[in-house]
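Heads up, the thing below is written out as structure tokens.
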Protein chains: 2
Amino acid sequence: MELASMSDVARAAGVSAATVSRALRGEPGVSDATRRYVTEVAERMRYAIARDASSLAGGRRYAVGVLTAEGGRGDLLAGAEAALRDAGYDVLLYVLRDRAAFFERLPPARRVDGLVALGVTLSADETGALAGLDVPLVEAGQDDPHDALRVAADHLVSLGHRDVALVLTEDADESYDDVLVAAGLATRPEWTLWSSPTVAGGEQAVEVLFDGGGRPPTAIVTAHAAVAIGVLLRLRRDGRDVPRDVSIVSLDDCELVRTVGVTAVEGAWRDRGARAATSLLTTLGVRAPDTAATVRSLVGGSVAVPGGRV
Amino acid sequence: MELASMSDVARAAGVSAATVSRALRGEPGVSDATRRYVTEVAERMRYAIARDASSLAGGRRYAVGVLTAEGGRGDLLAGAEAALRDAGYDVLLYVLRDRAAFFERLPPARRVDGLVALGVTLSADETGALAGLDVPLVEAGQDDPHDALRVAADHLVSLGHRDVALVLTEDADESYDDVLVAAGLATRPEWTLWSSPTVAGGEQAVEVLFDGGGRPPTAIVTAHAAVAIGVLLRLRRDGRDVPRDVSIVSLDDCELVRTVGVTAVEGAWRDRGARAATSLLTTLGVRAPDTAATVRSLVGGSVAVPGGRV
DNA sequence: CTGTTAGCGCCTTCAA
DNA sequence: TTGAAGGCGCTAACAG
């Protein structure tokens, strides 16, 4: 038993293939009754369109290529995939290993309608090579976590925290303090630190925050997951209880922080991927389904009211 | 300037399209000279085959669908992608979110030559639904980490460890002890534990290993990354130095353990993904490139000679 | 609103 | 060893 083709459906429905095509794609020029009937017949026959043929005839491929780095973030990818699939696009995955070879051979050539680069920073030459494919390209990854910080700050404030320290990684700027201020928090210069995006960076940040003579914060927000882990480890080693003595929030949500139990702002990375995909879809003229629905909330157990019990 | 099509190449080379097709695909029936010339012309024109047309005409799609779970392992995916791409196959990514909808609508229908399920356990019904696609399916994820344990055990033995404890997760069986024996280690019943695949599980394992009256091990091997983290945290909290007092090896290599600095057996997950893909390719009749080249070694800093300094 | 007619770019017979 | 012809399943003009 072969899979049903469009002409099979047409025959079964007693119409022409063109009508089936129009009906199924929601094209105008088909009566409601016909469209309904054809749709029903197609479903009953479990008809699945042959994209190859469709692409060949229509010129559009209904596929986008997603470029990721080896060891890239899975949630970035998942977010993009979700948005693309919801829009009816196939997702061709390209994991960049041998970059030179990739940009030389350009495997996505003639295979995709657009490209999304997720968490890979493209050089000018590489961007130029991709331009040869003659399809739109969207890059994601340079986005900043202001939104996530907003969520975290609001939550901490609602719990009564007033003394919140911020451990940023190198690519951040002072504008993050503004978010804290907007949330109703007082900022202090010594509570905004920069560290390397590593566990060691987090450990050092704790030293700075608690060794100086100043008042120690009741909560620490980190921009990077590894830093959050470092903060946690150092606080514990110093005999401080998390979250009783100090709360921790990671703006960077990943398997790592979840497993260790650090509270993180959820969905930030998924969002980025989805936004990139949506942006590309818009360029492609597709009215992309709303992405705003992504949940952004806190998960984890490293946050409590300041100085008290949970 | 449009992209060159096969007939463009044919015209430029002064041959028929059929000859170009045969030459480029390595089909027999073309003189060496012609093949070389055609290949050269195609390269010069930067010809890229239109897969849509190729699939339509040839019946094979040169694409396989990869099913992954949301939040699935990136390295499993990367391993599969590498193997598939090396074999000239496109990789269609399907992140399973709404499983019911996925198996009802079956988006890969008529789009792939085969399916690889990575880290998703398929129910009988789901497998049945996929069978309707009439393409081969390979699942990966149930593989066991005996190989990784072998690497870890050999390394620990070479450092002089004799007392090695094993913290397995629920899906493991006693056969792991055999690997330790083969590596020249003495096993003891109380040194083989089962725990939940969580940080808490690792912490509890340490309690059991060190609170009992028996001799404590000098090294702990865990099958799961989160467990390794738990072991590390608990040992530290108990005032034991890692790796001076106790070495830790995680058979499960991931961002998590690397970031925290736990030694892990590298490449295990990549390998699984690649093996699954290779297996599928074999089913598809493709002589898959050798995957054995994947490095399997130890990375990280949580291992030292027993009882001594590094 | 619906059907008919041509291809889309390639692979696969079949002849030469 | 090569070329010519047909068709894969669908969409996009055209007619009705």
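Throughout, a chain's letter reflects where its sequence line sits, starting with A, and its residues are numbered from 1. Computed from a predicted structure; not experimentally measured.
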Item to check | Verdict with reasoning, A/Glu139 to A/Thr121, per side chain to side chain contact (heavy atoms under 4.5 Å, CB included) | outcome: CA-CA 8 Å; A/Glu139 299 184 59; A/Thr121 309; 5.5 Å; no

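- For the pair A/Asp86 and B/Arg97, the salt-bridge criterion is met [side-chain N within less than 4.0 Å of a carboxylate O].
- Considering B/Thr19, B/Val38, B/Val30, B/Ile49 as possible partners of B/Leu24, the one that fulfils the side-chain contact (heavy atoms from CB on, under 4.5 Å) test is B/Val38.
- Of the candidates A/Arg110, A/Arg60, A/Arg61, A/Arg61 is the only one forming a salt bridge (charged side-chain N to carboxylate O under 4.0 Å, His left out) with B/Asp52.
- Counting heavy atoms from C-beta outward, B/Val64 and B/Leu280 have side chains that approach closer than 4.5 Å.
- A donor-acceptor contact shorter than 3.5 Å is absent between the side chain of A/Arg46 and the backbone of A/Ala4.
- A salt bridge links A/Glu70 with B/Arg270: the closest approach of a Lys/Arg side-chain nitrogen to an acidic carboxylate oxygen falls below 4.0 angstrom.
- Annotation: proximity of residues 6-18 of chain A to DNA chain D (heavy atom, distance under 4.0 Å) is found for A/Met6, A/Ser7, A/Ala18, numbered in ascending order.
- The listed nucleotides are D/dT2, D/dT11, D/dA13; the one nearest the side chain of A/Ser21 is D/dT11.
- Salt-bridge check for B/Arg44 with B/Glu40: passed, with a basic side-chain N closer than 4.0 Å to an acidic carboxylate O.
- Although no hydrogens or angles enter the test, the distance criterion places no donor-acceptor pair under 3.5 Å between the side chain of A/Ser279 and the main chain of A/Arg275.
- Listed for the B/Asp252 side chain is a donor-acceptor partner under 3.5 Å among the backbone atoms of B/Ala225.
- Residues of residues 41-61 of chain A having a heavy atom closer than 4.0 Å to DNA chain C, listed by number: A/Leu56, A/Ala57.
- Nucleotides of DNA chain C that come within less than 4.0 Å of any heavy atom of chain A span, from the 5' end to the 3' end, C/dC1 to C/dG9.
- Residue B/Arg22 places a side-chain atom within donor-acceptor reach of the base of D/dG3, judged by atom type and a 3.5 Å distance cut-off alone.
- Here B/Ser31 reaches the OP1 or OP2 of D/dT2: one of its side-chain N or O atoms lies under 4.0 Å away.
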